[in-house]
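Everything on this sheet refers to the single structure shown next.
What you see is a predicted model, and the numbers here were worked out from it, not measured in a lab. In this chain, residues are counted from 1 in sequence order. The basis for the numbers below is simple: all heavy atoms, side chains too, and nothing from hydrogens, waters or symmetry mates.
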Amino acid sequence: MLSELVIRNFALVEDEVFAFSEGLNILTGETGAGKSLIVDAMGFLLGSSARERPLRSGAESGFVAARLADVPYEVRARAEELGFEAGEEGEFILNRDFKQTGRTACRVNGKPASLAAMRELGSMLVDLHGQHQQYSLLRPNDHLKVLDRYIVSRRPGFAGLMAEYASVYREIRDKEKTLHELREGERSRLREIDWTRHELEEIEALSPQPGEDEDLAQRIKILSSAAELHNGAMAMHERLSGDGGVRDALASQCGALEGLLGKDERLQPVSKNLQEALALIDESIYELSGYADQVNVDDELLEELLSRREQLRSIMRKYGPGIEDVLRYAEEAGERLRRLEDSAQRSSHLEAELQTLWKKREELLDRLGAARREEALSLAGEVEAELAKVGMNHCRFSVEFAESAGKDREADGSLKEGGSSGGSAAESAAFGFVSKYRAITASGGDEVQFLIAPNPGEAPKPLIMIASGGEISRIMLALLSLFSEFQKTATFFFDEIDAGLGGTAAQAVASRLKNLASRSQVICITHLAILAAAGDSHLHLYKAIEDGRTKTHAVLLQAEDREKEIARMLSGDAAMGQALEHARYLLRRSVD
């Protein structure tokens, strides 16, 4: 609900706060008092462009702001998705500043917002019907949504059918995307398979073993020094075991010490140590002999080891840096190769699954289309009944469906034969399935728009083709009176809804406005006393000259002041006595 509209330096409005309440809010005033400026300011706030530069003469900047209370949950949820949190008690404050330079800035609850976000949130909160505004129900893109909401209100199972279709639609899009990626990547996939196989064959041909590089390094080091190691071992063997060598000298000393042990047993430890040293020398002589026999110069084996090391280094440079890294890479490459080779089989499986899903989608599209066409007739009948209640007894309403084969639009918005609007069906055809629905979206395969013929003998035309502003407003009121039962909107704002009305037609419009106001807040600018008397709240707009400048003001009318304003609307300044009586009568009847 719009609780306050604040306008500063917008055209004739210098600084004014307009307070609105629940139910039906009426705005009246003399011609030129600035009533349409309120609509223009509201439209500007909600994202439209001002028809002229809105800044009041002499001002450097201005703004339009709206405080909205009791914001529906759906709007709060969408606002949070856009990054805006509700204020205290769920309030939202929309603000659009403008400067002398022509630049504007938007804010939602004090946080900077894009114009697109302001438009989206604003359209969910206020449905503006002014002579220079775009009516919500004039947008053909919204007509299918309205029809579907109408059907859901009559057929509870239709919502489940739509959900089932949406699920199938999403699954098809996901699988088509995957299949497309598989097919698009076929050449790349084959190249990758060949390259991965080459890599695996290169690694498997060498069959590297964990730690082999370290073992090779040690063997090559020994073989490279084989002659030096052999000769050194033999020379040491000779020095230890040869005549007059280390062993003979130590053995002689051990014998001499044996002769002294009989004289002093304290030499026993020394003797034991020397005997152990002699034993160690004997063991070393034996090991040196064996080592020398094992270390042989083998240039052929050394060459093989050097070649093996170079081969291992080559694959380690490609897949390493170490043998363990090479083995890990080979394992990953094997898994990748299996996936690549499985993709052809995946393509076949996806094609089979899609064939089943496409058939299921066709069945659901047929069921959706049949329900829509059947209920469209009921909708047309109910709309025509509502139109009759606002004095448009001869007006005819219909729902036009584009043919399944697809149609393009004429310049005036009507549908013509030929062409294709593309969509998922065209993509399905690329995978070998041709749908009779050439324009398939997440909502189905139907394209609809509302047509109307206001006068007998006229051909039905799209709603947007209707020229008369007052006629449009009444048609919108009739449609909204019906649609608001299943398409909730917080606030409706009407201007010129009473153009060309009088008598019973005016009374019918007042009745429909009251009915609509019982479900949503309604703000209505009017010149008709009968509409003004129906209001739950009444604001009077007037111009005043202050300090040589013209300004627009607003005042909330109560009791006698409201009677006088309605009387003025009935008779101008003439016969005010009778007009007051009539005004009181209208107000009493409105209450009753």
Side-chain angles (χ1 to χ4, degrees), residues 1-22 25 27 34-130 132-134 136 489-493 495 521 523 525 539 541 551-554:
M1 182 189 81
L2 176 63
S3 58
E4 284 184 353
L5 179 65
V6 183
I7 303 175
R8 179 172 296 171
N9 292 331
F10 189 96
L12 295 179
V13 182
E14 181 179 30
D15 191 357
E16 202 71 28
V17 178
F18 301 87
F20 301 103
S21 61
E22 295 180 353
N25 295 260
L27 279 76
K35 299 184 297 297
S36 293
L37 286 178
I38 310 303
V39 181
D40 291 343
M42 194 72 216
F44 177 76
L45 173 64
L46 299 181
S48 67
S49 299
R51 288 176 292 137
E52 300 176 357
R53 287 203 169 189
L55 188 63
R56 178 176 168 81
S57 176
E60 295 183 357
S61 63
F63 68 84
V64 181
R67 183 188 300 275
L68 297 118
D70 300 324
V71 173
Y73 168 78
E74 295 79 5
V75 184
R76 296 200 306 271
R78 179 54 183 153
E80 288 181 5
E81 291 175 1
L82 294 172
F84 306 107
E85 294 183 359
E88 293 183 6
E89 299 181 0
E91 283 190 342
F92 273 84
I93 297 177
L94 309 184
N95 189 296
R96 189 176 182 189
D97 302 325
F98 51 93
K99 297 184 180 299
Q100 198 173 36
T101 59
R103 298 186 63 180
T104 67
C106 301
R107 285 174 286 147
V108 176
N109 283 348
K111 186 176 181 178
S114 66
L115 190 57
M118 183 72 90
R119 284 173 179 156
E120 181 178 354
L121 293 177
S123 67
M124 298 173 73
L125 291 164
V126 180
D127 199 351
L128 190 59
H129 296 263
H132 303 292
Q133 307 301 327
Q134 175 65 48
S136 62
T489 301
T491 299
F492 293 97
F493 208 131
D495 184 22
Q521 181 190 43
I523 301 170
I525 296 174
L539 279 174
L541 274 67
K551 301 179 181 179
T552 292
H553 295 291

Quick one: closest heavy-atom pair of [X] and [Y], and the distance?
{"X": "Glu22", "Y": "Asp70", "answer": "OE2-OD2, 4.3 Å"}
{"X": "Asn95", "Y": "Ala65", "answer": "ND2-CB, 3.6 Å"}
{"X": "Ala66", "Y": "Leu45", "answer": "CB-CD2, 3.4 Å"}
{"X": "Leu37", "Y": "Ala11", "answer": "CD2-CB, 3.5 Å"}
{"X": "Phe18", "Y": "Ala554", "answer": "CE2-CB, 3.3 Å"}
{"X": "Phe63", "Y": "Phe98", "answer": "N-CE2, 3.3 Å"}

Residue that, paired with Leu125, satisfies side chain to side chain contact (heavy atoms under 4.5 Å, CB included) out of Leu2, Val71, Leu46: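 So, applying the side chain to side chain contact (heavy atoms under 4.5 Å, CB included) to Leu125 and each of Leu2, Val71, Leu46, only Val71 qualifies.
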
Just to verify, what does Glu16 make a salt bridge (charged side-chain N to carboxylate O under 4.0 Å, His left out) with, not counting sequence neighbours?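 Glu16: no salt bridge (charged side-chain N to carboxylate O under 4.0 Å, His left out) contacts found.
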
Rounded to the nearest 0.5 Å, what separation is found between the [atom1] atom of [X] and the [atom2] atom of [Y]?
{"X": "Asp495", "Y": "Ile525", "atom1": "CG", "atom2": "CD1", "value": "4.5 Å"}
{"X": "Lys99", "Y": "Thr104", "atom1": "NZ", "atom2": "OG1", "value": "10.5 Å"}
{"X": "Asp127", "Y": "Thr491", "atom1": "CG", "atom2": "OG1", "value": "9.5 Å"}

Taking the six-membered ring for Trp, are Phe84 and Phe92 ring centroids under 6.0 Å apart?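 Distance test on ring centres: not under 6.0 Å, no.
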
Under 3.5 Å donor-acceptor, [X] side chain and [Y] backbone:
{"X": "Arg96", "Y": "Phe44", "answer": "yes"}
{"X": "Gln100", "Y": "Leu55", "answer": "no"}
{"X": "Arg56", "Y": "Glu14", "answer": "no"}

Is there a side-chain contact between [X] and [Y] in this structure, where contact means two heavy atoms from C-beta onward sitting under 4.5 Å apart?
{"X": "Ser61", "Y": "Asp97", "value": "no"}
{"X": "Met42", "Y": "Ile523", "value": "no"}
{"X": "Gln521", "Y": "Asn25", "value": "yes"}
{"X": "Met1", "Y": "Phe20", "value": "no"}
{"X": "Ile7", "Y": "Ile38", "value": "yes"}

Check Glu80, Glu81, Glu74 against Arg78 for a side chain to side chain donor-acceptor pair (under 3.5 Å) and give me the one that passes.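 One option only clears the test, and that one is Glu81.
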
Distance-only donor-acceptor pairs under 3.5 Å for side chains of residues 109-118, two or more places apart:
unit_1, atom_1, unit_2, atom_2, d
Asn109, OD1, Ile93, N, 2.7
Asn109, ND2, Glu85, O, 2.6
Lys111, NZ, Gly83, O, 2.7
Ser114, OG, Ala117, N, 3.1

If you count the non-hydrogen atoms of other residues, nucleotides and ligands that lie under 6.0 Å from CD in Glu120, is the total more than 12?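 More than 12 heavy atoms, drawn from other residues, nucleotides or ligands, come within 6.0 Å of this atom.
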
